[in-house]
Each structure stands twice: as C-alpha cells, then as structure tokens.
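Remarks on the structure that follows.
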Amino acid sequence: MTSASGSAEMVDWNLAVATAVRLARPGPRIGRDEARAAVAELRRHAAEAERHVREYTRMGSTGVAGTPVLVVDRPGWVRANVAGFRTVVRPLTEKLAARREGGGRGAAAAGSAGAKATGVEVGVVLAFLSAKVLGQYETFAPAELPSAPDSPEGLFDQPRRGLAAPPGRLLLVAPNIVQVERELDVAPRDFRLWVCLHEETHRTQFTAVPWLRDHIQSEVQEFLAQTDVDPAAFLERLREALGGLPLPGLGGRRGDRAGREGAPSVTDLVQTPAQREILSRLTAVMSLLEGHADVVMDGVGPAVVPSVAEIREKFQRRRDRGSGRLDLALRRLLGMDAKLRQYQDGAVFVRGVVERVGMDGFNRVWTSPNTLPTKEEIHDPASWVARVTG
C-alpha cells in the first residue's frame, strides 16, 4: 500500500480494514423487513432532526444540503473512518516513511513488517469501536473515497467516490442503534430520533461555522508536525499504546497490562510541550462540540421525543458503567473515558453560558477561533462570558 508520494505508508491501512471487518461482531439479530424499516426511519429522522436543531440553536446551516447522510453497517463505518484517518495523518506518515527509506533497504524491510503489525493493531481497535459508535459527523472525509462492495441486499449505504464533496458527511450506524435501544428497552422511534438530533447538531456546527473545520484540521496538522521520532520508534510506541488490548489469541502479553492502573493509552504518544498545548486546545473545542450536541438533543427532546427523560437516564447509566471489565479496560486504553468527560464538562459549560447570556449570547462562541473556550474556561463558564461578551 503506498501513499500519494509513492512511498510505503507506516500503517498498512488495507490490512487494518480487513482485520477490523473480519473481527467486527455482526450486530443484533433482526429480520430483513425490520432492518429495512429501521434504515428508512433513520433516514427520515435525520432529515427531520435538521429542522429541529436549526430552530433550537438558531444557527443557519447553509451547507447542510451538500453533506450526505449515510446509514451504514459496522464494516461501512470502518471503511469510512480509515479513509478519513488516512487523510488527516498522511503528512506524518509520509514524513516518517521518507526517514525510514533514508535508512536503507534493511530499514525499509523492517518498516514494512512494522506497518503490517500496526495495521493489525489498528484493525483490532476499529473492530471494537465499530460496535460502540451510534453515529458520527465525519469532519475529515476525503474528497474522493474508495468504492466499497455493496452490503447484503443493498440495505446499507457504502462509502463511494464523490460522496464527500463538499467535505463532511453524517454516518448513522444502524446495527448499533438497534442494539442499544433493545438493551435500554426504550421506544425505538424516540431513541432513533434522539440519536439523530445529537449527530445533526454536529453537522450543523460544521456547516454553519465555515472556519471550524479548517481550524481543527490546522490544529491537528500542527500537532502532527511536532512529531519528530525515528519511524521504528514511532511504530513501537504506537504498538505499545495499542498492544495492551486484552483480547484472546492476539499475543501473550495482553490481558493483564491493559487492566492495570497507569496502562498506556493512545494519548501517550504526546511528546512535546507544544503538543500538550495543542492537545489542550483541541480538548476544549471537542468538549464544546460534544457538550453542545448533548444539550441540544435534550433541549429539543421534550417537544419531539416524548420519552426523552427516560432515554437520557438509562443512556447515562449505560455510559457511566460501560459493558464490563473488558469494555472498561479498552475505554481507558483508548482514551474513551476522556471523551465521556468531554460530554459532561462541555454540557455544563454550554448550560452555564446559556443561563447567563441566552442562546444568542452563547452563539458568539462561533465567531472566530479567538472566541472558542479555553480548557480552563470549559470548567468556568462565567470567565468565558466575561471575556467574550463583557
């Protein structure tokens, strides 16, 4: 597998996809007619949610019509995310590949073996995550995507060329939504719309705020530009971060290390003070985006989702406890606990600002990168209000 420049990539992405698709669980048992009805309902709810979110947030989403909504299965989610991830990290992989090739034929051979090993590791992570994600606004979908085989009987959408222009697309993972609504024992119609409200809020954020995508992408690229390590060392650190997965049959050292306190996470790849500063800013903006989506889905809910209080209570309990010891270990390893805190901290920030200055006052957060909250302001809404609104 080669990059655009022709040099071998540091991660065998094809192997990552193949591994993830092979290991991903098939999803809940459901009849063909029921599955088709669920997919069709999710598409209707996505369209309905757009209107509700725009009215509640008072954000004009002029670009929504150009961003597709895809209802996917777990393999479709894997393929879509690998395509986006490759786009984001390509400058780093090309940089490291160039250094590796400069080390001679032996270094290239070792790098190729490392890329395959890391591809397997990444595939294992994606297989796990593919069963967890309900929906996602894929901010960094590439302009052109590799075509994918049709899902059985053409039930699900598939990433194909040309679907991501203009940038961004909304993914709804139908098997996971059906599985969670069954686990929670909630009304399917209400839960599906509730999920769509959350994901539509993310689509609204990026389509109503033209500079937001470029700002986040520049922060990520600057973070990656600060990475300056030997390719073999980078691969080893990445594999160490991923290698603690307590999954049977994939290595003798798994199973005990990921469950320990202090086990490494993917964020342990952070190296420099500059990277930590960038990560602090990214954490703040992601907390804002996730918290805002949570507030909107619950704020819109009472008018259009009759059982929203029951859904939120059950869903929050599920979020907090995870699905068992393995799930908790993996969440810690992958930094997912930090993401759960982003939902909570961001929602407290958004509610705190809206209580003080109303929704229009809060929407000043979208004026420019300078009006985004800092990591400290996320925990102190009054300080953001004082700085931005006076």
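In this text the structure is predicted, and so the values were computed from the model without any measurement.
- Under the 4.5 Å side-chain heavy-atom criterion for Ile, Leu, Val, Met, Phe, Trp and Tyr, W366 and V296 are members of the same hydrophobic cluster.
- Among residues at least two apart or in separate chains, there is no salt bridge (charged side-chain N to carboxylate O under 4.0 Å, His left out) pair with a member in residues 361-370.
- E313 and R317 are joined by a salt bridge, as a carboxylate oxygen and a charged side-chain nitrogen come within less than 4.0 angstrom of each other.
- When every heavy atom of V304 is checked against every heavy atom of L193, the shortest pair comes out as O-CD2, 3.8 Å.
- Residues V195 and I30 are members of separate hydrophobic clusters, defined by side-chain heavy-atom contacts under 4.5 angstrom among Ile, Leu, Val, Met, Phe, Trp and Tyr.
- With W384 as reference, V353 is the one residue of V353, L288, L372 to meet the side chain to side chain contact (heavy atoms under 4.5 Å, CB included) rule.
- By the 4.5 Å heavy-atom criterion applied to side chains, H215 and R281 are not counted as neighbours.
- When side chains are defined from C-beta on, V69 does not count as touching R43, because their heavy atoms never get closer than 4.5 Å.
- Side chains of T118 and D12 form no contact here, defined as non-hydrogen atoms less than 4.5 Å apart.
- Residues T19 and V124 share a closest heavy-atom pair of CG2-N, 4.1 Å.
- A salt bridge is defined here as a Lys NZ or Arg NE, NH1 or NH2 lying under 4.0 Å from an Asp or Glu carboxylate O, and D294 with R312 meets this definition.
- Rounding to the nearest 0.5 angstrom, the gap separating the CZ atom in F206 from the CG atom in L212 is 4.5 Å.
- Using a 4.5 Å heavy-atom cutoff, the side chains of T201 and V300 are not in contact.
- Follow the hydrophobic side-chain contacts under 4.5 Å out from V357 and you reach V295 in the same cluster.
- In this model, a donor atom of one side chain and an acceptor atom of the other lie less than 3.5 Å apart for S307 and D190.
- No side-chain donor-acceptor contact under 3.5 Å links E199 and H202.
- In summary, of the residues considered (V354, T57, V365), a side chain to side chain contact (heavy atoms under 4.5 Å, CB included) with H292 occurs for T57 alone.
- The two atoms that bring A174 and V39 nearest to each other are CB-CG2, 4.3 Å, heavy atoms only.
- Side-chain contact between Q136 and W77 is present, with at least one heavy-atom pair separated by less than 4.5 Å.
- Below 30°, between 30° and 60°, or above 60°: for F191 and F315 the angle between ring planes is between 30° and 60°, a tilted geometry.
- For P188 against E181, the heavy-atom pair with the smallest separation is CB-OE2, 3.4 Å.
- Distance CD1/I177 to CG/L172: 5.0 Å, rounded to 0.5 Å.
- Within the 4.5 Å cutoff, the side chain of I216 has no heavy atoms near those of the T139 side chain.
- Closest approach of P28 to R182, counting heavy atoms only: CB-NH1, 3.6 Å.
- Among residues at least two apart or in separate chains, side chain to side chain donor-acceptor pair (under 3.5 Å) pairs with a member in residues 346-361 are R58-D360.
- In plain terms, the two heavy atoms of P373 and A284 that are nearest each other are O-CB, 3.4 Å.
- Salt bridge absent: E41 and R189 never bring a charged side-chain N and a carboxylate O closer than 4.0 Å.
- Residue pairs satisfying the ring pair (Phe, Tyr, Trp, His ring centres under 6.0 Å) criterion with at least one member in residues 14-54, sequence neighbours excluded, are absent.
- V348 belongs to no hydrophobic cluster with other residues, because no ILVMFWY side-chain heavy atom falls under 4.5 Å from its own, directly or through intermediates.
- Atom CG of N176 and atom NZ of K132 lie 9.0 Å apart (nearest 0.5 Å).
- Within the structure, salt bridge (charged side-chain N to carboxylate O under 4.0 Å, His left out) contacts touching residues 368-390 (residues at least two apart or in different chains) are E377-R387.
- Here the CD-CG distance, from E200 to L170, works out to 6.5 Å after rounding to the nearest 0.5 Å.
- Contact of the V178 side chain with the R192 side chain is registered, since non-hydrogen atoms from C-beta on lie closer than 4.5 Å.
- Hydrophobic clustering of Ile, Leu, Val, Met, Phe, Trp and Tyr side chains at less than 4.5 Å, counting indirect connections, unites L289 with V133.
- The pair K314-E310 counts as a salt bridge, with a side-chain nitrogen and a carboxylate oxygen less than 4.0 angstrom apart.
- Considering only residues two or more places apart in sequence or on other chains, W194 meets the side chain to side chain donor-acceptor pair (under 3.5 Å) condition with D298.
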